[in-house]
Amino acid sequence: RLLTSVMVSKGWTPKSIDIRTAFLQAAPLQREVYVRPPPECKVPKGYCWRLKRPAYGLIDACRKWNEKVVQVMIKELKGRQSVIDKAVFYWNSGGIHGFISTHVDDFYFAGNPAFEEMIKNGIAKYMTVGTSEQGSFKYAGIQISTHPDGSVSFSLKNYINEICQIDIPLNCETENQVNPQLQREY
């Protein structure tokens with residue numbers, strides 16, 4: 001919300017970029033990981049694949065993706081990483097030009113027109129970009145809407161509705177029973 005306040009005070013429009021297949025674009029693995037190929041690849045029996053990049057679910061996948069984000073934002077695009085929040089990067093020289101807040105493969109950003117072009121082109125040069133949105137979009141589960149007067153609102157309504165639709169069994173009859181002390185009626 002603090003970053004959005006700065007955006008609004010400077011007259012910047014919040015935008016988002018989603019990175020496609022982020023973990024496959026991460027920094028290379030520093031260890032050997034072998035996997036069985038999926039059946040639809042029709043690889044002869046007894047063969048396996050060695051991963052060069054992390055796949056979703058590997059213990060070091062998020063760390064390797066973060067290494068790539070930091071490398072692109074700081075070394076390639078010449079940004080600075082916030083000392084308070086390591087997921088925030090900013091660009092300034094004689095005043096703030098713009099910033100990005102990252103949440104895994106979703107980037108939330110705003111800045112002056114030159115900054116926005118530099119970010120869009122720079123990220124597209126080093127990462128495969130999926131969707132890019134402005135005005136009204138979802139970022140990290142939050143619906144963000146920019147209004148004609150320049151104000152910005154947040155809503156968790158859709159996120160809350162999705163959470164409320166998840167069924168949590170309170171009377172488990174399996175070996176993985178829920179601890180009765182942890183059960184609560186909602």
Side-chain angles (χ1 to χ4, degrees), residues 14-79 81 85-89 99-110 116-145 155-179 182:
K15 296 171 179 63
S16 78
I17 290 178
D18 178 68
I19 306 300
R20 272 193 291 182
T21 60
F23 291 155
L24 297 179
Q25 299 182 61
L29 288 168
Q30 301 299 312
R31 62 189 178 108
E32 291 186 7
V33 177
Y34 295 92
V35 296
R36 288 189 185 117
E40 55 270 8
C41 289
K42 299 186 174 141
V43 174
K45 193 172 186 166
Y47 285 85
C48 62
W49 290 345
R50 179 175 180 232
L51 297 180
K52 293 181 180 179
R53 308 263 178 188
Y56 179 80
L58 287 181
I59 195 163
D60 47 359
C62 289
R63 182 173 46 83
K64 290 297 182 182
W65 170 243
N66 182 260
E67 286 175 12
K68 170 75 176 244
V69 170
V70 169
Q71 184 248 334
V72 168
M73 297 300 169
I74 295 174
K75 292 182 181 161
E76 306 300 340
L77 301 179
K78 309 299 184 216
Q81 191 172 32
D85 184 342
K86 297 296 185 182
V88 173
F89 301 87
F99 50 83
I100 293 180
S101 173
T102 63
H103 178 76
V104 190
D105 62 347
D106 295 323
F107 296 171
Y108 179 61
F109 72 101
E116 289 183 357
E117 276 306 304
M118 182 269 301
I119 287 301
K120 287 178 193 174
N121 295 334
I123 289 175
K125 181 178 178 181
Y126 298 102
M127 301 173 185
T128 304
V129 174
T131 57
S132 182
E133 300 176 293
Q134 69 179 42
S136 183
F137 56 89
K138 214 186 265 189
Y139 174 74
I142 302 168
Q143 182 65 40
I144 299 173
S145 300
S155 174
L156 289 170
K157 183 179 178 182
N158 291 338
Y159 178 75
I160 291 168
N161 287 338
E162 288 172 18
I163 295 295
C164 290
Q165 292 175 7
I166 297 173
D167 291 329
I168 301 172
L170 294 178
N171 295 323
C172 299
E173 296 178 0
T174 68
E175 59 188 63
N176 298 325
Q177 283 197 273
V178 175
N179 182 335
L182 300 177

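Worth knowing before you read on, the calculation uses all heavy atoms, side chains too, and leaves out hydrogens, waters and symmetry mates.
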Less than 4.5 Å apart, side chain to side chain, heavy atoms only: is that true for [X] and [Y]?
X: Val70; Y: Phe89; answer: yes
X: Pro14; Y: Phe137; answer: yes
X: Val129; Y: Asp18; answer: no

Exercise: do Gln143 and Ser136 side chains pair donor with acceptor under 3.5 Å: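 A pair is found: one side chain offers a donor N or O, the other an acceptor, under 3.5 Å apart.
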Residue list, ring pair (Phe, Tyr, Trp, His ring centres under 6.0 Å) with Tyr108, at least two apart or on another chain: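 Partners of Tyr108 under the ring pair (Phe, Tyr, Trp, His ring centres under 6.0 Å) test: Tyr139.
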Atom of [X], atom of [Y] and distance for their closest heavy-atom approach:
X: Asp105; Y: Ala22; answer: CB-CB, 3.6 Å
X: Arg20; Y: Gly130; answer: CG-CA, 3.7 Å
X: Pro37; Y: Tyr47; answer: CD-O, 3.6 Å
X: Arg53; Y: Phe23; answer: CB-O, 4.2 Å
X: Ile100; Y: Phe107; answer: CG2-CB, 4.0 Å
X: Ala55; Y: Ala61; answer: O-CB, 3.5 Å

Within residues 27-49 or reaching into it, pairs that qualify as salt bridge (Lys or Arg N to Asp or Glu O under 4.0 Å) - sequence neighbours excluded: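 Applying salt bridge (Lys or Arg N to Asp or Glu O under 4.0 Å) to every pair that reaches into residues 27-49, excluding sequence neighbours, yields Arg31-Asp60.
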Residue pairs passing the salt bridge (Lys or Arg N to Asp or Glu O under 4.0 Å) test where at least one lies in residues 134-144, sequence neighbours excluded: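 Only Lys138-Glu162 qualify under salt bridge (Lys or Arg N to Asp or Glu O under 4.0 Å).
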Between CG on residue Leu29 and CG on residue Leu58, distance to nearest 0.5 Å: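 Going from the CG atom of Leu29 to the CG atom of Leu58 covers 6.5 Å.
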Ser101 side, atom OG; Asp106 side, atom CG - distance, nearest 0.5 Å: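 Taking OG in Ser101 and CG in Asp106, the distance rounds to 10.0 Å.
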Pairs flagged by side chain to side chain donor-acceptor pair (under 3.5 Å) wherever residues 123-133 is involved - sequence neighbours left out: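 Sorted result for residues 123-133: Glu76-Tyr126.
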Side-chain polar contacts of residues 117-124 - donor-acceptor pairs under 3.5 angstrom, sequence neighbours left out - could you list them?
unit_1, atom_1, unit_2, atom_2, d
Asn121, ND2, Glu117, O, 3.2

Could I get the full list of side-chain contact (heavy atoms from CB on, under 4.5 Å) partners for [X], not counting sequence neighbours?
X: Leu24; result: Thr21
X: Lys52; result: none
X: Ala87; result: Asp85, Thr102
X: Cys41; result: Pro38, Val43, Trp49

Lys64: salt bridge (charged side-chain N to carboxylate O under 4.0 Å, His left out) partners, not counting sequence neighbours: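 With sequence neighbours excluded, Lys64 shows a salt bridge (charged side-chain N to carboxylate O under 4.0 Å, His left out) to Glu67, given in chain and number order.
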Set of residues satisfying side chain to side chain donor-acceptor pair (under 3.5 Å) with respect to Gln25, sequence neighbours excluded: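 In terms of side chain to side chain donor-acceptor pair (under 3.5 Å), with neighbours along the sequence ignored, Gln25 is linked to no residue.
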Any donor-acceptor pair under 3.5 Å from Gln81 side chain to Lys86 backbone: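 Pair found, side chain donor or acceptor close to backbone of Lys86.
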